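Bear in mind the structure is a predicted one, so any value in this text is a computation, not a measurement. Just so we're on the same page: letters track the sequence lines, and every chain starts at 1.
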Protein chains: 2
Amino acid sequence: MLDAAKQLNYVPNLAARSLVKQKSGLIGILINRAENEGFWRQFRYSQFINRLEQLLSGYGYHVVLFGLDAASPKLDIISERKLDGVFVVDVKTENFHLISSHFSVGVPLIVVDSIIDDALFYKVNYDYLDAFETMQATTSVQYEYVIIDNFNNKELLEHIAFASKLGPDSIHIMQNDQALELFLRKHEHKKGIILNEFAAISAAKYVDPANLTVICSAGCPEILPLSAGRFTFGDRKPEAAFQLMLQLLDNSMKGPDSSYIHVKADNN
Amino acid sequence: MLDAAKQLNYVPNLAARSLVKQKSGLIGILINRAENEGFWRQFRYSQFINRLEQLLSGYGYHVVLFGLDAASPKLDIISERKLDGVFVVDVKTENFHLISSHFSVGVPLIVVDSIIDDALFYKVNYDYLDAFETMQATTSVQYEYVIIDNFNNKELLEHIAFASKLGPDSIHIMQNDQALELFLRKHEHKKGIILNEFAAISAAKYVDPANLTVICSAGCPEILPLSAGRFTFGDRKPEAAFQLMLQLLDNSMKGPDSSYIHVKADNN
DNA sequence: TTGAAAGCGCTAACAC
DNA sequence: GTGTTAGCGCTTTCAA
């Protein structure tokens, strides 16, 4: 009677449960944020985070969102909250040793949009090699420059530059609108590739978007000017990251053989 | 000696601390998500969430991000995780009784972008009355239509419609691109107001953005076409929401007299 | 000052 | 099966 009523609106205290089960039921999404970052950086992971949260919630996990100071990331949250798994997005290579020291061994840690030569940690990146090859193969257009989104991870930047097969003078790394405009003025009326829909929006202020082909890494091709070319990755990255996390969570860290997951593009 | 070493890399277990202190140190940001929502809805709260997370983290709280099914929101997270405070964004009025039942009295609950006639809960909204008035006062342009972002909260929609002082035929609520195009075709070459930068991006596909004045409620005027007019709110909403939360958290629910906070625009 | 002990709300392990 | 108990890692209280 009283028991039934108690049962009816009984709510378990997950902090107490965490304590005894040694599992918090919390997954962290840690994302590097720069001080005065351009608007195109602020939105590029929104879709990824939203979708990932949706997937994790559907599986019973709760998501802790935490912004990291790219210069000196505070990672105590991982051990303090006993996070069951962690996604770290857009990591500076030189900060990575900090991360590895701040998490108990055995906690799945997935690094997104970063190349880190440590097989302990799984990486989820877009397959840029495949993307650039497919782009060249399916079109007769000769691209003469590429604009790369400004990732914190230097290795990833270099990898994308390499994948583009273009020379240093034809490559621009997003910094700010002024530098972007300057670069675009030098390449007016030429065809170019640009990473990230939001970066493309910036570029479209200075050149005819018809000359741009956008590699849609932010999951939002709808935002592009109609005349811009586009190359999309669909929903694949959050899905891939989620599946990988599940695998690591279930099979106690026995993940795929390679510590790199390369997310391929749609059949564009 | 051993003690010192232990001290050195001692990490408190916040779940245990929560249990005894009866405070989780967690703040929830609960945000309604529709099934197939247009892209302009997916990004409009990114800036708000990011900034709010930054402010709360700076104050020592951790943020739990949780997507709500607008149709039947699962709110157990509030009581299960013993959230110290909750932001609920974009709430359907008819779901609100669910919310009030799912949270223990005494937990600060701040509703964002919603009008709810319950003085128990604090509301943070942009001051649309002031915005429309200022816009009319500082320009000689005669606006002939307004496009309103599709909020879940019907009362807010009605309030904005009222604030615009335009008739039903001149008001369009964002639904999808087709309906938007149709509406815009009927008002070609006229001057109009549109809420939300991302909605404006959609509209700019169909009309000359020079005819649009955008009420920048997503904190991202940079994304707009250069020719579009703009009316900005700056960073004020996350700041206001944060300050209000602090007040409620510190003074044990003794907040401002009015349960409504109206965030004014910049000096545009 | 320093130390021991109780207890937060749960689960798991053990007894009955 | 059903009931009891120990203990997860902390903070707080009360004793020495």
Side-chain angles (χ1 to χ4, degrees), chain A residues 1-28 30 56-64 66 74-86 99-109 246 248-253, chain B residues 1-28 30 56-64 66 74-86 99-109 246 248-253:
Chain A
M1 184 80 172
L2 266 167
D3 208 47
K6 206 174 184 180
Q7 218 72 322
L8 211 63
N9 41 17
Y10 165 74
V11 180
N13 181 328
L14 296 186
R17 180 181 292 173
S18 302
L19 207 55
V20 49
K21 297 196 91 165
Q22 301 285 36
K23 290 186 172 209
S24 62
L26 294 172
I27 303 283
L30 315 191
L56 290 166
S57 284
Y59 207 77
Y61 286 102
H62 289 155
V63 169
V64 178
F66 193 76
K74 307 258 164 288
L75 296 150
D76 291 336
I77 190 173
I78 301 177
S79 35
E80 284 179 345
R81 290 281 175 196
K82 291 260 142 61
L83 302 181
D84 291 341
V86 182
I99 296 176
S100 39
S101 72
H102 263 270
F103 87 108
S104 346
V105 185
V107 176
L109 192 147
L246 281 195
L248 298 176
L249 248 20
D250 291 353
N251 311 0
S252 61
M253 290 298 283
Chain B
M1 181 79 173
L2 268 169
D3 207 48
K6 206 173 182 178
Q7 219 70 323
L8 211 63
N9 41 17
Y10 164 75
V11 180
N13 180 328
L14 296 187
R17 181 178 292 171
S18 301
L19 208 54
V20 49
K21 299 197 90 166
Q22 300 286 38
K23 290 186 171 211
S24 62
L26 294 172
I27 303 282
L30 314 192
L56 290 166
S57 284
Y59 207 77
Y61 286 102
H62 289 157
V63 169
V64 178
F66 193 77
K74 307 259 164 288
L75 296 150
D76 291 338
I77 191 173
I78 301 177
S79 36
E80 284 180 346
R81 290 281 175 199
K82 290 259 143 58
L83 302 180
D84 290 343
V86 182
I99 297 177
S100 41
S101 71
H102 263 269
F103 87 108
S104 348
V105 185
V107 176
L109 192 147
L246 282 194
L248 298 177
L249 248 21
D250 291 355
N251 309 3
S252 61
M253 294 296 285

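- For the atom pair B:H62 NE2 and B:I27 CD1, the distance stands at 11.0 Å (nearest 0.5 Å).
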#### Entry: Pair B:V64-B:R81, side chain to side chain contact (heavy atoms under 4.5 Å, CB included): steps then yes or no
CA-CA 9 Å; B:V64 178; B:R81 290 281 175 199; 5.6 Å; no
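- Atom CG of B:L14 is separated from atom C1' of D:dT11 by 13 Å (rounded to the nearest Å).
- From B:K23, atom NZ reaches atom OG of B:S18 across 11.5 Å, with rounding to the nearest 0.5 Å.
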#### Entry: side chain to side chain contact (heavy atoms under 4.5 Å, CB included) between B:L249 and B:Y61, worked out
CA-CA 11 Å; B:L249 248 21; B:Y61 286 102; 3.4 Å; yes
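- Residue A:F66 holds its CZ atom at 10.0 Å from CG of A:L83, rounded to the nearest 0.5 Å.
- Side-chain N or O atoms of B:D84 include one that pairs as donor or acceptor with a backbone N or O of B:S24 at under 3.5 Å.
- Here the nucleotide nearest the side chain of B:R17, chosen from D:dC10, C:dT11, C:dG9, is D:dC10.
- Contacts with DNA chain C (heavy atom under 4.0 Å) in residues 19-28 of chain A: A:V20, A:K21, listed by number.
- Between the CD atom of B:E80 and the C1' atom of C:dC10 there is a distance of 13 Å, given to the nearest Å.
- Put simply, CG on B:L30 and CG on B:L109 are 8.0 Å apart, with the number rounded to the nearest 0.5 Å.
- Stem list for DNA chain D (at least 3 consecutive Watson-Crick or G-U pairs, distances under 3.5 Å): C:3-14 with D:3-14.
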### Task
Given side chain to side chain contact (heavy atoms under 4.5 Å, CB included), test A:V86 with A:L75 step by step and report yes or no.
CA-CA 11 Å; A:V86 182; A:L75 296 150; over 6 Å; no
